[in-house]
Amino acid sequence: MSAPTLDRVEQSPMTHREIMEALSGLLLVLFVAMASSTIVSTALPKIIGDLNGSQTQYTWVVTATLLTATASTPIWGKLSDLYSKKLLVQLSIVLFVIGSVAAGFTQTTEQLIAARAFQGLGMGGVQALVQVAIATMIPPRERGRYNGYLGGVMALSTVAGPLLGGLIVDTDALGWRWCFFIGAPFAVIALLVLQKTLHLPVIRRENVKVDYAGAGLIAAGVSIILIWVSFVDDSFAWLSWQTFAMVGGGLALLGIATWVESRVAEPVVPLPIVRQRTTALAILGSLAVGMAMFGGAVFLGQYFQIGRGYSPTEAGLLMIPMMFGILVSSTIAGKAMTKSGKIKPYVVAGTIILVIGFAGLSVLDHDTPLWYIGSAMALVGVGVGMSMQNLVLAVQNTVSLKDIGAASSTVAFFRSLGGTIGVSVLGAVLARRVTDSINEQLTAMGVPAGGGSGTSSLNLSSLPESIQHVVRSAYGDATGHIFLISMGVAVIGVVAAVAMKPAKLRSTVDVGTPAKVPAATK
């Protein structure tokens, strides 16, 4: 394989104005993707209710997107080390929009899950490539300053998404399908802005081979295990031939994937990078933070609507404390890191605060005061804002520019993998506890458990008022248990953060080079 080549000579670092112009397109891309994704969070109870879906299908509407995003993230990152980052960003946006529009036309939960899976392909590209593009333009020491903007956009999109989703669902003239359609025009604007403002170096290498086999094996292995998690103890027993086949098969595929990654020329998850102490600990921390954050937060909208009886719009408003915490903490921590050059203290503090926040949410039931819930959610937001993006930054600070795409996407891959596992596992736990609680309450009332008309328990408007109360109580009381599990997982993030070596953020884009970057190309 030949050495990397650039299509222009080196030039001076980008000015603040040039960075902000390019950053405007990237942040707009990120806003469109994240807002289009979080719109579903408050609308999903209504969507699944209208489609007469189950709690397991509710979980898989989210899991399918995270799973394909997880599988595609390292591929996007690897491609960004080889081809035009700008073109790849634009391609990922197009795929995301196609998936969104397809989701808007679905008629069944199975179709919706499939469309959301396709949507995740584009989401994986956006998540990986925005980080890669920023890392290509800005040295780590200065990146903390710009990470504040990144955190602000993430917070704004995660606040705007649920609010917009709630308003759309509550507006009879629109309906929930517009939760998916509405992102298309904004995506077009994002593409136009990117075309004009985003100029990044193009690194081309000859005889390149992308490790599709490794990515496919990883995705297949994880998928089989997550499917097992969704159905064990319901469709079959823990100790059964199905469990042996699915768990054994999934682990075997992951073992083969590891073997493949150790032998291919261009591994999708580069093991030499993963074996570095900082990267390994950042991956462990990202797994924990991703599992805790995605797995816990995705069910808050359901808790407010199903467990507490609030409308989708009200549920979106009630999510603001967590998003406000992300905005404030990421902005303040980013500026502080740029000033001090230190990153570890903020990651450690963030993971500890995340544990405290989940500990507060672990005592939720259907009568918990809203001020208490808002306070605990704000702590979760602060913890996420201080830790999630900075774990990526810690890895980017240790690798050379030619590996920045693979390193960034590897951390994003494991964070997304943690989120996928978290949503699937916690969703399965929630479904079991809700089912058991509903059956117990119905039996106490003298109503045959499971003897209804086949109407989904999430379609509350179609249930008698007495049964509605049973369902709300079951969901409200069961949600606290999944936050208890999230707290335990987040503790792993604290351990990983504490074990990281203290390091100064470098002031150059590449390792061991002057503060210069290759000339921009289209």
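Everything numeric in this text was worked out from a predicted model, so none of it was measured.
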Are [X] and [Y] side-chain neighbours, meaning at least one heavy-atom pair lies under 4.5 Å?
{"X": "Ser286", "Y": "Ile283", "answer": "no"}
{"X": "Val126", "Y": "Val89", "answer": "no"}
{"X": "Thr109", "Y": "Ile48", "answer": "yes"}
{"X": "Phe31", "Y": "Leu27", "answer": "no"}

Distance-only, no hydrogens or angles: does the [X] side chain make a donor-acceptor pair with backbone N or O of [Y] under 3.5 Å?
{"X": "Trp228", "Y": "Gln242", "result": "no"}
{"X": "Thr68", "Y": "Ala64", "result": "yes"}
{"X": "Thr65", "Y": "Arg116", "result": "yes"}

Looking at every non-hydrogen atom in both residues, tell me the closest pair between [X] and [Y] and how far apart they are.
{"X": "Val380", "Y": "Met322", "value": "CG1-SD, 3.9 Å"}
{"X": "Gly350", "Y": "Met386", "value": "CA-CB, 3.7 Å"}
{"X": "Met123", "Y": "Phe96", "value": "N-CD1, 3.6 Å"}
{"X": "Val260", "Y": "Leu217", "value": "CG2-CD1, 3.8 Å"}
{"X": "Ser100", "Y": "Phe180", "value": "O-CB, 3.0 Å"}
{"X": "Ser387", "Y": "Val347", "value": "CB-O, 4.2 Å"}

[X] side, atom [atom1]; [Y] side, atom [atom2] - distance, nearest 0.5 Å:
{"X": "Leu253", "Y": "Thr258", "atom1": "CG", "atom2": "OG1", "value": "11.0 Å"}
{"X": "Ile93", "Y": "Leu30", "atom1": "CD1", "atom2": "CG", "value": "9.0 Å"}
{"X": "Ile482", "Y": "Leu300", "atom1": "CD1", "atom2": "CG", "value": "7.5 Å"}
{"X": "Leu91", "Y": "Trp76", "atom1": "CG", "atom2": "CH2", "value": "4.0 Å"}
{"X": "Leu112", "Y": "Leu44", "atom1": "CG", "atom2": "CG", "value": "7.5 Å"}
{"X": "Ile113", "Y": "Thr108", "atom1": "CD1", "atom2": "OG1", "value": "8.5 Å"}

